[in-house]
Amino acid sequence: MNNSPLSNKNNRESVSISDELHPYNVDNIDGQIQNLLTTMSKVGFLIDVEVINNLEVEVEDLLKKLSVRIFHHIGYDINLNSSKQIAKLLYEDLELPSGKKKKTGFSTDEVTLKKIKKLHPIIPLILEYRTVYKLKSTYLESLRCRIEEDGRIHSTFLLDVASTGRIVSRDPNLQNIPIRGSWGEKIRKAFIVPCEKILIAIDYSQIDLRVLTHFSKESKLIEAFKQNQDIHLSTAMEIFNKKASDITADERRIAKTVNFGIIYGISPHGLSESLEINQKQAAYFIKTYLDKYPQVKQYLDLSRQNALKNGYTETLGGEKRYIPELKSKNHFIRSSGERMAINYPIQGSSAEIIKLAMLDIDCEFVRRKLSSSKMILQIHDELVFEVENEEKDAVIKIVKEKMENVVKLIIPLKVSIKEGVNWGEMTEILKLEMAIK
DNA sequence: GCATGATCC
DNA sequence: CACCTGGATCATGCA
């Protein structure tokens, strides 16, 4: 049992990593991390209830205005929370072109509505209504009701829920608090720390693509990561065959979507949907990518073949996931299995890496007696800490060191570090204090 | 209790 | 030819 890399740091570091399938010992990571997750839950995240209350007023006002404007356009009232009534309004009463049919009717989700949003002025209003209603119900009212007597929200963190080994947060989920757009910042400003403390957030930079690079040993990706290049720009240069200075923002965006798509096992159809381009172009991007990164193509092919042969795929640490879908006669189910076979080793290994880093960090906090600084949240590739001001420099140094060195891949792992007095106004720390050893 | 659609990585 | 991006939680409508 004390085989664990965490009770014996040297054990893990002494393992040869270059040719071994299992570069580190992950025996019972989940068993060891359970206590840490329970502690995170008990510590909780301090909330400024005034920020929530003020936002609720603002949001309710906006919702009222939006619904009045929508009803004014159409001349009668409907329940804007009912997708069925929205579908009837758009596709029957207004006779707008409907997209694909679902089980029960025509879809009215964001992707579908964005395609027809220029055809009627209420469509953007409906989309805004949905966004703001979600904010009100899930991220304001519901969250406010979950503030406990200590002024904090105590989420529950679970293992053994996600099939990839990721940690899950629920009751409430603090892993999907909005971050994009102005609402994201406004909501996150309600997540605070006590006086004399500061919030530190550290996230892995491109961990999934680094894991893919490690597995595939793709020389172009290795080179890019070793030189710490902008990976999406680098991909854009390959698939568009241009030098960096000629790559447009749009081309970089396309490359970024292709990069993520590769990890998910995306099809030309899926890529065409998310990029809003035709399937032929999407297929061309995927083909070009695989031509330019032949070792990735080889790795993906091998990944599928081995999964079919063995019935499972595995992570860096040897954690297996059985994928019976690969043997299905149904093409849809089988393709889904193939995507799992591609994605699981990558997502699962990333999850392992951060869980190991969490354990290392926890051990080091204990050893260094940094008792006032607490890990309070994990969001898949990111850790959030509530930190005593005096301990800040030490915490940052420890967390960065542990996260970047927890396992040795064939390329470096990198983190970016942010600090702030609340979760909505975080600023990146580029220059580390070199004072403390 | 399922379907839908919103949020996150 | 169709349709097919991995992993989650949560609120609401509706049968």
Side-chain angles (χ1 to χ4, degrees), chain A residues 78-87 100-113 126-143 145-146 155-159 161-181 183-184 187-188 203-209 211-212 257-275 279 282-283 286 313 321 323 325 330-351 354 377-383:
Chain A
I78 60 169
N79 184 346
L80 295 172
N81 295 323
S82 164
S83 51
K84 197 181 170 187
Q85 291 178 44
I86 296 279
K100 51 193 161 187
K101 195 163 56 180
K102 295 262 180 122
K103 281 179 184 173
T104 56
F106 290 99
S107 179
T108 69
D109 65 11
E110 181 177 2
V111 174
T112 310
L113 292 196
I126 290 168
L127 288 171
E128 190 180 0
Y129 176 90
R130 288 227 180 105
T131 302
V132 178
Y133 191 86
K134 177 69 176 172
L135 217 66
K136 166 181 144 81
S137 61
T138 306
Y139 301 110
L140 293 172
E141 287 175 352
S142 177
L143 228 43
C145 292
R146 292 192 161 273
S155 176
T156 304
F157 299 98
L158 299 169
L159 300 158
V161 174
S163 45
T164 52
R166 276 185 168 189
I167 291 166
V168 150
S169 159
R170 64 159 78 132
D171 304 311
N173 182 357
L174 293 186
Q175 289 176 326
N176 71 345
I177 303 299
I179 187 168
R180 292 167 245 241
W183 293 115
I187 289 265
R188 288 191 174 214
D203 71 287
Y204 277 116
S205 154
Q206 310 296 353
I207 189 163
D208 286 346
L209 286 171
V211 169
L212 172 67
T257 308
V258 172
N259 272 334
F260 286 117
I262 291 292
I263 288 169
Y264 298 148
I266 203 172
S267 64
H269 175 262
L271 187 66
S272 72
E273 286 282 309
S274 56
L275 285 176
Q279 262 188 63
I286 293 171
T313 47
R321 176 179 178 179
I323 306 175
E325 290 89 341
N330 181 314
H331 181 241
F332 176 81
I333 294 175
R334 204 168 59 245
S335 302
S336 165
E338 285 179 2
R339 292 191 295 274
M340 292 178 207
I342 297 296
N343 181 257
Y344 172 69
I346 299 170
Q347 190 178 123
S349 299
S350 301
I354 194 164
L377 195 54
Q378 189 256 33
I379 316 169
H380 311 307
D381 64 353
E382 174 182 10
L383 297 175

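None of these values were measured; they are calculated from a predicted model. Order of the sequence lines sets the chain letters (A, B, ...), proteins ahead of strands, with each chain counted from 1.
Applying the salt bridge (charged side-chain N to carboxylate O under 4.0 Å, His left out) test to residues at least two apart or on different chains, the pairs with a partner in residues 128-140 of chain A are A:Glu60-A:Lys136, A:Lys136-A:Glu141.
Nucleotides of DNA chain B that come within less than 4.0 Å of any heavy atom of chain A span, from the 5' end to the 3' end, B:dA3 to B:dC9.
Heavy-atom minimum distance, A:Gln206 versus A:Phe260: OE1-CZ, 4.5 Å. Scanning both residues, A:Ile78 and A:Gln85, for their nearest heavy atoms gives CB-OE1, 3.5 Å.
Interface remark: the A:Gln347 side chain does not form any donor-acceptor pair with the C:dG7 base, using a distance-only criterion of under 3.5 Å. At a cut-off of 3.5 angstrom, counting only N and O atoms as typed in the model, there is no donor on one side facing an acceptor on the other between the side-chain of A:Glu273 and the base of C:dC3.
Counting to the nearest Å, the P atom of C:dT9 and the OH atom of A:Tyr139 are 12 Å from each other. Going from atom CD1 of A:Ile346 over to atom P of C:dG6 covers 13 Å, rounded to whole Å. Whole-Å rounding puts the A:Lys84 NZ to C:dA11 P distance at 24 Å. What separates CG of A:Asn330 from C1' of C:dA2 is a distance of 12 Å, to the nearest Å.
In terms of the side chain to side chain contact (heavy atoms under 4.5 Å, CB included) criterion, residue partners of A:Arg321 (sequence neighbours excluded) are, by chain and number, A:Ser163, A:Thr164, A:Ile323, A:Met340, A:Tyr344. Contacts of A:Arg334 classified as side chain to side chain contact (heavy atoms under 4.5 Å, CB included), with partners at least two apart in sequence or in another chain: A:His331. Applying the side-chain hydrogen bond (donor to acceptor under 3.5 Å, both in side chains) rule to A:Ser267 yields no partners; only residues at least two apart in sequence or on another chain are considered. For the side chain to side chain contact (heavy atoms under 4.5 Å, CB included) test, residues two or more places apart in sequence or in another chain that qualify with A:Ile333 are A:Glu325, A:Ser328, A:Asn330. The salt bridge (Lys or Arg N to Asp or Glu O under 4.0 Å) test applied to A:Glu110 returns A:Lys114, not counting sequence neighbours. With sequence neighbours left out, the side chain to side chain contact (heavy atoms under 4.5 Å, CB included) criterion links A:Glu338 to A:Arg304, A:Leu326.
No engagement by A:Gln206 is indicated, since no non-hydrogen atom pair under 4.0 Å with the nucleic acid exists. Within the nucleic acid shown, A:Ile179 comes within 4.0 Å of sugar-phosphate atoms alone, with no base atom in reach, counting heavy atoms only.
Within residues 128-137 of chain A, the residues having any heavy atom closer than 4.0 Å to DNA chain C are, in order of number, A:Tyr133, A:Lys134, A:Ser137.
Taking only side-chain nitrogens and oxygens, A:Arg170 comes nearer than 4.0 Å to OP1 or OP2 of C:dT9. Within the structure, a side-chain polar atom (N or O) of A:Asn79 is placed less than 4.0 Å from OP1 or OP2 of C:dG13.
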